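Since the structure comes first, as structure tokens, the remarks are kept for the end.
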Amino acid sequence: MKRDFLSILDLDKEELFYILDIAKRLKKNESFESVLKNRFFALVFEKPSLRTRVSFEAGIRRLGGNCLYLAPGDIKMGARESVKDIAKNLERWTDGIIARVFSHKSLEILAENSKVPVINALSDLEHPCQILADLQTVYEYSQSYEGPLAFVGDGNNVCHSLILAFALTGGKIRAATPKGYELLKEVVDRAFEIARKTGADIKITNDPYEAVKDAKFIYTDVWASMGQENETEERKKIFKDYQVNMDLIRKAPEGVYFMHCLPAHRGEEVTDDVLDSDFSIIYDQAENRMWAQMGLLYLLYR
Ligand code: CP
Ligand code: NVA
């Protein structure tokens, strides 16, 4: 049966740790069989990308496969033809569809209508590939998945996947968002439901100081995500007290690390002195996108 990866919750805990183990070993140069030999992927992107596109292309080739990038505008998903028809065509030529979409629903339609796996390369609901790399990075800097990790900013796709991932691993996660920009209730409810089994410690608040007070990692993301550009000015006002700057860093315990999925809007959600500090681990996160996604592909195609 084909496996899709639309949500971090499409993995169970053992599979998640398996991926992270493979990722770690690949990064240490351990050689693995070319599981993607003779396999071909379509990268279908409705929004721009640096990290996701390049890390997938590099990772697929390292595992012996090949891929084609379809930029926003190339196939005009849902406009030039239906998402269903796109899936029905792509499944005939490819071994997998890696898609970045505006609406998570488009991923579900792709998955329902293709015999090949569909991988979420970011939707409005989740960014699970990002969080695989983040967990790998958290482990590298703390030799555990415990955290605590404090996400400060918009209750968006990245924040959703983070809280679900920490719920699954049983770690400690905090999220501080402005009122009206909280995580979706169904995501929070699901995270707490999982936490009851795994023992994860989840705190949701509107107070950034409260969120970071026991943090080992502070994480932020842009205030206006791709597709929300017309809200940028309004959001700058609403989110101003959620900026990760040295004042907020000093409220966290000594030795806290700074994380960001990137791209960063310097001077908005985070200041240059934090981004460029020696406690910033943003480029390790970016590098780990490739290793972690290779781990994911290894699980799906071994
Ligand atoms: N973090 C991330 O997904 O970056 P890109 O938008 O550049 O792919
Ligand atoms: N929340 C951001 C993440 C970018 C990687 C967005 O959706 O644009």
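Side chains included, hydrogens not; waters and symmetry mates left out as well; all remaining heavy atoms used. In each ligand, atom 1 is the first atom listed, and ligand 1 is the first ligand listed. Since the structure is predicted, the reported quantities are computational estimates derived from the model, not experimental observations. Quick note: residue numbers are just sequence positions, from 1.
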Please test Asn156 against Phe151 for side chain to side chain contact (heavy atoms under 4.5 Å, CB included), starting from the C-alpha separation and ending with a verdict. CA-CA 10 Å; Asn156 62 15; Phe151 181 94; 4.0 Å; yes
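Among all protein heavy atoms, the one lying closest to atom 4 (O) of ligand 1 is Arg51 NE, 2.8 Å. Looking at atom 6 (O) of ligand 1, its nearest protein heavy atom turns out to be Arg100 NH1, 2.8 Å. Considering only non-hydrogen protein atoms, atom 3 (C) of ligand 2 sits nearest to Asp221 OD2, 3.5 Å. Nearest protein neighbour of atom 7 (O) of ligand 1, counting heavy atoms only, is Leu50 N, 2.7 Å.
Shown here for Pro128 and Ser161, the closest heavy-atom pair between the two residues is N-OG, 3.5 Å. In plain terms, the two heavy atoms of Ser123 and Asn157 that are nearest each other are O-ND2, 3.0 Å. Minimum interatomic distance between His160 and Gly155 (heavy atoms only, all atoms of both residues): NE2-O, 3.5 Å.
With respect to Asp214 and Lys172, no salt bridge is recorded, no charged nitrogen being found less than 4.0 Å from a carboxylate O. In this structure, Glu140 pairs ionically with Lys27, as a charged nitrogen and a carboxylate oxygen lie closer than 4.0 Å.
Aromatic pair Tyr301/Phe41: ring centres closer than 6.0 Å.
Considering backbone and side-chain atoms together, Ser225 places an N or O closer than 3.5 Å to an N or O of ligand 2. The shortest N/O to N/O separation between Leu122 and ligand 1 does not fall below 3.5 Å. Ligand 1 has an N or O atom lying under 3.5 Å from an N or O atom of Cys261, backbone or side chain. The shortest N or O to N or O distance between Arg53 and ligand 1 is not under 3.5 Å.
Within a 6.0 Å sphere centred on NZ of Lys84, heavy atoms belonging to other residues, nucleotides or ligands number 12 at most.
Within the 4.0 Å heavy-atom criterion, the part of Leu262 lying near ligand 2 is the backbone and not the side chain. Only the side chain of Asn157 comes within 4.0 Å of ligand 2, judged by heavy-atom distances.
A cation-pi contact, defined as under 6.0 Å to the ring centre and within 45° of the axis, is absent between Arg25 and Tyr298.
The distance from ligand 2 to the heavy atoms of Met226 drops below 4.0 Å at these ligand atoms: 6 (C), 8 (O). Close approach of ligand 1 to Arg289 (heavy-atom distance below 4.0 Å) involves ligand atoms 1 (N), 2 (C), 3 (O). Residue Asn156 has at least one heavy-atom neighbour below 4.0 Å for each of these atoms of ligand 2: 1 (N). Close approach of ligand 1 to His127 (heavy-atom distance below 4.0 Å) involves ligand atoms 2 (C), 3 (O). For ligand 2, the atoms closer than 4.0 angstrom to any heavy atom of Leu122 are 3 (C), 4 (C), 5 (C), 7 (O).
Using a non-hydrogen distance threshold of 4.0 Å, Lys47 does not register as a contact of ligand 1.
Under the 30°/60° scheme for interplanar angles, the aromatic rings of Tyr181 and Phe239 are found to stand perpendicular.
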